[in-house]
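Reckoned from all heavy atoms, side chains included, excluding hydrogens, waters and symmetry mates. Numbering of residues begins at 1 and proceeds along the displayed sequence.
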Amino acid sequence: MLLGLFESSDKFYPTVFDEAGHRVATQYLLSALQGHIPAEHLLHYREANSKLPGHPELGLTPGVKFSSGRLGHVWPLVNGVAMANRDKTVFCLGSDGSQQEGDDAEAARLAVAQKLNVKLLIDDNDVTIAGHPSEYLPGYDLTKTLQGHGLKVVTVQGEDYDALWGGICEVINYDGPAAVISKRVMAPGIPDIEGSSHGHDVIPVKSALKYFTARGYPESMASDILLNIKPSSVPYLHVGSTKEVGANRVVFGEAVNSVLDELSKEEAAKKVMVIDSDLEGSTGLKAIHQKHPEVFVPSGIMERGNFSAAAGFGFAPDKFGVFSTFSAFLEMIISEVTMARLNHCNVLCHFSHSGVDEMADNTCHFGVNNFFADNGLSDTHSWLYFPADPLQMTKIVRKVFFDRGIRFVFSTRSKVPYILKEDGKTKFFGDDYEFVPGKDEVICEGKAGYVVSYGDMLYRAWDAVLRCRQEGLDIGLINKPTLNLVDEQAIRKYGSSPFVLVVESLNRKTGLGSKMGTWLLERQLTPKYGYMGTVKEGCGGLQEQIPFQGLDPQSIIVKIHELSHSNAKTI
């Protein structure tokens, strides 16, 4: 319908702006329909180097006219487009999920105040990732909300095309900001998916095949394609870690449960509150929801408000809030973190999807600016923890759960192996390991120099160090699970060696590497110094992101040789 309007008149700004998360991938469909990419290329959605990441990026894909970024972040930008094009009608597609973001409430007020010719087309299907807004946010009504801001609102049944077209015509002819609320179910007509949250992101192949069959497509036409798409993996065997892997983001919730298990239900409910921002299945909170519903609060896509609620619960010295979301969204709550510090609140924050590993959604979902959390002044303590494997995650959560203040725990989207000791058999963070906040950990000693790493990069750095040691280079490895505090004893150890190399998957501009050089110089320690981190926009795909950023073990080995001036052959 919008394309028909664009083709019939020049009074419409000819871009289908959309802020509804993964649905914005329809921009790739538009690119194909308009001849910018071949239709067959759509089969490579989210593959590495296909230029079709989960969230479209301006300048990356032919035909894509804007970067959709994170859910619920486009309407404010569209306001600016409308202010720059007062003679045009500008459309913005949205959803009941994207409208939960506070950005949109601010955008609504500005649009009304400035009488902007912005028209919202909102898909209201009462489904988000973790459930139904009508259940976890009773009282949330898009029609009433937008009318309360002062917009003209037309509510229609979204599968009734005549009603939908009539609603669009009505808002077009209204002078000022207006919205069409399209009431419908999620994924109508798709078996196993309709009306459920299972339509988010991807559809199971079996469900897709049922759908194609019901639509009259030959069974072989769909199955020959879908059943032959196989996941790929990098055939690289890391040394120094197990073949067995675990998901730290899931283990976080299990570790919290182990703490709550030691309390009565009544004591837990009085002492602890865990609030979710519609990501419980992705950040480990689902396990808490299932086992300890007495402490769990399902909430909407409202990171700022939910964090502050957790902080407010932890305003009393003997109460503790728990908050979790993706690391990329940490950037959204910096002001709220400052308020929580000023009020001496107790909050345990879990930010999953740190770094870039297995981030098919690409750059807007990269969790690479985690050090933004350390934004207090020097007379305040911030605690940034990044466990290297599931065993260390459990030890860290259990150790710091009832500590006072704000504590940040990071994990990756990808699973990680278990770190082994030098013997290649014993798990480093086993029963005999005790986590000490602020203390760096010596994985192995070295005389030729040290690599300092943490989190998902520790096992990759350990692989590189062990291979260099096999060459005769006596390289040591330090794990730094507390990212932002200096361990004076440890820094003098590795800072007195010939070189120090920091290896991380966070932003090279804002990560540990950007700080470590200063810490060394402040102590008159002058080793040769280098640091590796994420440096460029992503390539899509999963495990391909790490080598694309030059963070694979072979790249680490090259950097070690560069710093050590070794002539040993690179493996």
Side-chain angles (χ1 to χ4, degrees), residues 102 252-253 255-260 262-264 266-277 283-285 288 292 294-297 299 302-327 329-352 354 367 369-387 393 395-411 435-439 480-488 510 512 515:
F252 172 85
V256 171
N257 278 343
S258 73
V259 175
L260 297 174
E262 297 169 0
L263 307 175
S264 68
E266 295 73 22
E267 185 181 8
K270 183 178 180 180
K271 198 170 187 177
V272 177
M273 187 270 279
V274 180
I275 191 166
D276 174 52
S277 297
T283 65
L285 299 192
I288 305 172
H292 289 280
E294 71 277 5
V295 306
F296 189 83
V297 178
S299 190
M302 307 179 296
E303 295 83 1
R304 303 165 188 84
N306 289 341
F307 171 84
S308 292
F313 186 90
F315 182 61
D318 59 344
K319 293 183 182 292
F320 300 84
V322 178
F323 169 83
S324 187
T325 188
F326 291 172
S327 290
F329 308 154
L330 183 153
E331 300 167 20
M332 295 159 57
I333 66 163
I334 297 303
S335 180
E336 287 74 16
V337 168
T338 297
M339 284 298 297
R341 282 203 183 94
L342 290 172
N343 283 290
H344 309 293
C345 297
N346 302 318
V347 193
L348 177 64
C349 306
H350 174 217
F351 289 95
S352 69
S354 290
N369 291 313
N370 298 8
F371 273 80
F372 286 8
D374 186 21
N375 64 345
L377 299 175
S378 296
D379 60 351
T380 63
H381 271 307
S382 294
W383 305 90
L384 276 56
Y385 302 118
F386 204 145
M393 170 64 85
K395 293 291 180 69
I396 288 178
V397 171
R398 289 187 57 82
K399 179 72 174 180
V400 309
F401 190 88
F402 288 121
D403 285 355
R404 297 291 305 281
I406 310 177
R407 291 132 294 139
F408 300 88
V409 179
F410 302 110
S411 67
F435 174 69
V436 179
K439 182 175 177 58
K480 191 168 181 59
T482 306
L483 303 185
N484 61 323
L485 298 181
V486 177
D487 180 341
E488 296 294 349
T510 65
L512 175 66
K515 301 176 182 298

Are side-chain heavy atoms of Ile406 and Cys345 found at a separation under 4.5 Å?
no
Within a strict 4.5 Å, meaning less than it, do heavy atoms of the Val295 and Met273 side chains meet?
no
Interatomic distance, Leu485 atom CG to Trp383 atom CH2 [nearest 0.5 angstrom]
5.5 Å
With Phe313, which residues qualify under ring-ring contact (aromatic ring centres under 6.0 Å, His included), at least two apart?
none
What do the steps show when you test Phe252 against Val322 for side-chain contact (heavy atoms from CB on, under 4.5 Å), and what is the final call?
CA-CA 11 Å; Phe252 172 85; Val322 178; 4.2 Å; yes
Applying ring-ring contact (aromatic ring centres under 6.0 Å, His included) to Phe371 and not counting sequence neighbours gives none
Minimal non-hydrogen separation, Asn370 against Ser327, with atom names
OD1-CB, 3.8 Å
On a heavy-atom basis, which atom in Ile275 and which in Leu285 lie closest, and how many Å separate them?
O-CD1, 3.7 Å
Look up atom CZ in Phe296 and atom CD1 in Ile288, then write down how far apart they are to the nearest 0.5 Å.
7.5 Å
Intermediate values then yes/no, side-chain contact (heavy atoms from CB on, under 4.5 Å), Phe410 and Leu330:
CA-CA 11 Å; Phe410 302 110; Leu330 183 153; 3.8 Å; yes
On a heavy-atom basis, which atom in Val259 and which in Arg398 lie closest, and how many Å separate them?
N-NH1, 3.8 Å
State the CD-CD distance between Glu267 and Glu262, to the nearest 0.5 angstrom.
10.5 Å
Applying side chain to side chain donor-acceptor pair (under 3.5 Å) to Asp374 and not counting sequence neighbours gives Ser382, Asn484
Shortest non-hydrogen contact from His344 toward Arg404:
O-NH2, 4.1 Å
Spacing of Leu260 atom CG and Glu294 atom CD [to the nearest 0.5 Å]
7.0 Å
Taking Asn346 for its side chain and Pro317 for its backbone only, find out whether a donor-acceptor pair lies under 3.5 Å.
yes
Interatomic distance, Asn343 atom CG to Thr338 atom OG1 [nearest 0.5 angstrom]
11.0 Å
For the pair Thr380 (side chain) and Leu377 (backbone), establish whether a donor and an acceptor sit closer than 3.5 Å, ignoring hydrogens and angles.
yes
Is the ring pair Phe320/Phe402 parallel, tilted or perpendicular, if the boundaries are 30 and 60 degrees?
perpendicular
More than 12 heavy atoms from other groups under 6.0 Å of NZ on Lys319
yes
Within this structure, what is the OG1-NZ distance for the pair Thr482 and Lys439, rounded to the nearest 0.5 Å?
10.5 Å
Heavy-atom side-chain proximity of Ser308 to Met339 below 4.5 angstrom
no
Between Phe351 and Phe408, what is the ring plane arrangement, given parallel below 30°, perpendicular above 60°, and tilted in between?
parallel
With Thr283 as partner, the option from Ser324, Ser277, Ser411 fulfilling side chain to side chain donor-acceptor pair (under 3.5 Å) is Ser324
Spell out, as yes or no, whether a donor-acceptor pair under 3.5 Å connects the side chain of Lys480 to the backbone of Val486.
no
Apply the test side-chain contact (heavy atoms from CB on, under 4.5 Å) to residues Val400 and Tyr385: give CA-CA distance (whole Å), side-chain angles for both, the deciding distance (0.1 Å), then the verdict.
CA-CA 10 Å; Val400 309; Tyr385 302 118; 3.7 Å; yes
Arg407 side-chain N/O to Phe401 backbone N/O, donor-acceptor pair under 3.5 Å
yes
Grab the two heavy atoms, one from Asn257 and one from His292, that are nearest each other, plus how far apart they are.
OD1-CD2, 3.2 Å
Please give me the minimum heavy-atom distance between His381 and Arg341, naming the atom from each residue.
O-NE, 4.5 Å
